[in-house]
Participant: 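This is the structure I have questions about; it appears just below.
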Amino acid sequence: MPPSSDISVQPGAALPDYLSRTYAWAYLDPRTLPWLDRAPVVSAILWGNAARLMRWAVAQFAPGERVLQAACVYGDFSRLLARQVGDTGHLAIRDVAPIQIDNVRRKLAGLAQVEARVANLALPLDEHFDAVCCFFLLHEVPPEERRRIVANLLRAVRSGGRAVFVDYHRARAWHPLRPVMGLVFRWLEPFAASLLDTPIESLAEAADDFEWRKETRFGGLYQLVVATRR
């Protein structure tokens, strides 16, 4: 894969204001990126569940499929997904931050089935896929952008294809980490609270065009939602 500067960039894919204001330290700073992209750090952020959550998501896809990964993901997720689709498949990664595209392309160098491009997922995508994977993105965007992203991802799904969303969810009342996560969301993830009690299905303009399935794990702290186009 060539450097990201050599590939096309979606028109209008400027960095969103909310990303620069809220998450510059996490996703735009070259000093923190290498540290946050380490597997132990990713695992700690997800309370030791990173590997399980990644396997849970990756298992929803099949060899030979053309898959869109919505936004870059720290850790080994993209490599696992690329291996799942295999040499006969295709993994397209889209992220609005050039630094993230540069990073994922370095990590996945040599995997011919992968291509990465700068794109704002809140803008329409002129592409269609067998499946779409949205792994821990929705909680990081404001509600209005979230609706646009869900709509655009669903529009990119071919007939009979599916979109897979893995993200945070409202933990059970008895969950020992529920108050801790409340503080984490308040201080580090200001848009997450608006997702926890909002069914992803309710964010879709054309929800009736899909069959919806939802599962939760780890006391309800995480959810997996699969939307299959009818």
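Keep in mind that this is a model prediction, so the values were computed, not measured. Any value given below was found using the heavy atoms of this structure, including those in side chains, with hydrogens, waters and symmetry copies removed.
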Participant: Please list every donor-acceptor pair under 3.5 Å in which a side-chain atom of residues 16-24 meets a protein atom from a residue at least two apart or in another chain.
Facilitator:
{"unit_1": "T22", "atom_1": "OG1", "unit_2": "Y18", "atom_2": "O", "d": "3.1"}
{"unit_1": "Y23", "atom_1": "OH", "unit_2": "E189", "atom_2": "OE1", "d": "2.5"}

Participant: So does S202 get a backbone contact from the side chain of R147, meaning a donor-acceptor N/O pair under 3.5 Å?
Facilitator: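 At least one qualifying donor-acceptor pair exists.
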Participant: Kindly compute the distance separating CD1 (I101) from CZ (R94), expressed to the nearest 0.5 Å.
Facilitator: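 One gets 7.5 Å once the value is rounded to the nearest 0.5 Å.
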Participant: Between K107 and D37 (salt bridge meaning N to carboxylate O under 4.0 Å), is one present in this structure?
Facilitator: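 Yes.
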Participant: Could you list the donor-acceptor pairs under 3.5 angstrom formed between side-chain atoms of residues 174-186 and any protein atom two or more places apart in sequence or on another chain?
Facilitator:
{"unit_1": "H175", "atom_1": "ND1", "unit_2": "L177", "atom_2": "N", "d": "3.0"}
{"unit_1": "H175", "atom_1": "NE2", "unit_2": "F218", "atom_2": "O", "d": "3.0"}
{"unit_1": "R178", "atom_1": "NH1", "unit_2": "A171", "atom_2": "O", "d": "2.8"}

Participant: Checking side chain to side chain contact (heavy atoms under 4.5 Å, CB included) against V114, which of L81, V104, L91 comes through?
Facilitator: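 Result for side chain to side chain contact (heavy atoms under 4.5 Å, CB included) with V114: L91.
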Participant: Kindly give the heavy-atom pair with the smallest separation between L28 and A97, and that separation in Å.
Facilitator: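 The answer is CD2-CB, 3.7 Å.
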Participant: Side-chain contact, heavy-atom cut-off 4.5 Å: L121 with N152?
Facilitator: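 L121 does not reach N152 side chain to side chain.
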Participant: Between D130 and R158 (salt bridge meaning N to carboxylate O under 4.0 Å), is one present in this structure?
Facilitator: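 Salt bridge present between D130 and R158.
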Participant: If you measure from CG on L196 to CD on Q223, what distance do you get to the nearest 0.5 Å?
Facilitator: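 It comes to 8.5 Å.
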Participant: Is the shortest distance from a Lys or Arg side-chain nitrogen in E211 or R162 to a carboxylate oxygen in the other one below 4.0 Å?
Facilitator: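 The answer is no: the pair does not qualify as a salt bridge.
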Participant: If I compare all heavy atoms of T228 with all of G160, which pair ends up nearest, and what's the gap?
Facilitator: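 So the two residues come closest at CG2-O, 4.0 Å.
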Participant: Report the distance from atom CG of L203 to atom CG of L153, rounding to the nearest 0.5 Å.
Facilitator: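 Answer for the CG-CG pair, L203 versus L153, is 11.0 Å.
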Participant: Would you mind reporting whether R83 and Q113 have side-chain heavy atoms less than 4.5 Å apart?
Facilitator: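 They are not in contact (no side-chain heavy atoms under 4.5 Å apart), so the answer is no.
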Participant: Can you give the donor-acceptor pairs under 3.5 Å from side chains of residues 132-145 to other protein atoms, not counting sequence neighbours?
Facilitator:
{"unit_1": "H139", "atom_1": "ND1", "unit_2": "D167", "atom_2": "OD1", "d": "2.7"}
{"unit_1": "E140", "atom_1": "OE1", "unit_2": "Y27", "atom_2": "OH", "d": "3.1"}
{"unit_1": "E140", "atom_1": "OE2", "unit_2": "Y27", "atom_2": "OH", "d": "2.5"}

Participant: Shortest non-hydrogen contact from L36 to A26?
Facilitator: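 Between these two residues, the closest heavy atoms are CD1-O, 3.4 Å.
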Participant: Are V58 and F77 packed together at the side-chain level, in the sense that at least one heavy-atom pair is separated by less than 4.5 angstrom?
Facilitator: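 V58 vs F77: side chains touch.
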Participant: Give the intermediate values and the outcome of side chain to side chain donor-acceptor pair (under 3.5 Å) for residues T216 and R172.
Facilitator: CA-CA 10 Å; T216 61; R172 305 287 187 267; 3.3 Å; yes
Participant: Look at the side chain of W35 and the backbone N and O of V41, then say whether any donor-acceptor pair between them is shorter than 3.5 Å.
Facilitator: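 Checking the backbone N and O of V41 against the side chain of W35, no donor-acceptor pair under 3.5 Å is found.
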Participant: Between A57 and V166, what is the shortest heavy-atom contact and its length?
Facilitator: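 It is CB-CG2, 3.8 Å.
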Participant: Before you tell me yes or no, could you show the steps for V164 and W56 under side chain to side chain contact (heavy atoms under 4.5 Å, CB included), namely the whole-Å CA-CA distance, both residues' side-chain angles and the distance that decides it to 0.1 Å?
Facilitator: CA-CA 10 Å; V164 178; W56 194 25; over 6 Å; no
Participant: With a cut-off of 6.0 Å (strictly less than), are more than 12 heavy atoms of other residues, nucleotides or ligands near CG of D197?
Facilitator: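 Correct, the count exceeds 12.
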Participant: Taking everything shown except R230 itself, do over 12 heavy atoms lie less than 6.0 Å from its CZ?
Facilitator: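 Result for CZ/R230: enclosed.
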Participant: Drop me the distance from L125's CG to R155's CZ, to the nearest 0.5 angstrom.
Facilitator: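 The CZ atom of R155 is 9.5 Å from CG of L125, to the nearest 0.5 Å.
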Participant: Once rounded to the nearest 0.5 Å, what's the spacing between atom CD1 of I93 and atom CG of L108?
Facilitator: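 With rounding to 0.5 Å, CD1 (I93) is 5.0 Å from CG (L108).
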Participant: List for me each residue that meets side-chain hydrogen bond (donor to acceptor under 3.5 Å, both in side chains) alongside Q100, sequence neighbours excluded, and say none if there are none.
Facilitator: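 Partners of Q100 under the side-chain hydrogen bond (donor to acceptor under 3.5 Å, both in side chains) test: Y74.
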Participant: Kindly write out the residues that satisfy salt bridge (charged side-chain N to carboxylate O under 4.0 Å, His left out) with R52, not counting sequence neighbours, or none if the list is empty.
Facilitator: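 R52 satisfies salt bridge (charged side-chain N to carboxylate O under 4.0 Å, His left out) with no residue once adjacent residues are dropped.
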Participant: Check this for me, if you would: do E215 and R217 make a salt bridge, where the nitrogen-to-carboxylate-oxygen distance has to be below 4.0 angstrom?
Facilitator: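 Salt bridge: yes.
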Participant: Report, as yes or no, whether the 6.0 Å neighbourhood of atom CG on D29 holds more than 12 heavy atoms from other residues, nucleotides or ligands.
Facilitator: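 Correct, the count exceeds 12.
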Participant: Taking Q69 for its side chain and A71 for its backbone only, find out whether a donor-acceptor pair lies under 3.5 Å.
Facilitator: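 Checking the backbone N and O of A71 against the side chain of Q69, a donor-acceptor pair under 3.5 Å is found.
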Participant: Between E201 and K214 (salt bridge meaning N to carboxylate O under 4.0 Å), is one present in this structure?
Facilitator: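 Answer for the salt bridge query: no.
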Participant: What's the verdict on side chain to side chain contact (heavy atoms under 4.5 Å, CB included) for R146 and L195, showing C-alpha distance, side-chain angles and the deciding distance?
Facilitator: CA-CA 9 Å; R146 184 181 299 144; L195 174 68; 3.8 Å; yes
Participant: Locate the shortest heavy-atom distance separating A82 from L111; write the atom from each residue and the value.
Facilitator: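 Where A82 meets L111 most closely, the heavy atoms are CB-CD1, 4.0 Å.
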Participant: Hey, what do you get for CD (Q60) to CZ (R55), rounding to the nearest 0.5 Å?
Facilitator: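 Nearest 0.5 Å value for the CD-CZ distance: 13.5 Å.
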Participant: Can you tell me which residue pairs pass the ring-ring contact (aromatic ring centres under 6.0 Å, His included) test with a partner in residues 85-133, sequence neighbours excluded?
Facilitator: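 Residue pairs with at least one partner in residues 85-133: there are none.
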Participant: Kindly give the heavy-atom pair with the smallest separation between A14 and V96, and that separation in Å.
Facilitator: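 Minimum heavy-atom contact is O-CG2, 3.5 Å.
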Participant: Say whether, by atom type as modelled, one donor and one acceptor occur between the side chain of R213 and the main chain of L224 under 3.5 angstrom.
Facilitator: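 A pair under 3.5 Å: no.
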Participant: Using modelled atom types only, decide if a donor and an acceptor are shared between the side chain of S43 and the backbone of A39 within a distance under 3.5 Å.
Facilitator: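 Not at all, since once roles are kept as given, no pair shorter than 3.5 Å links the two residues.
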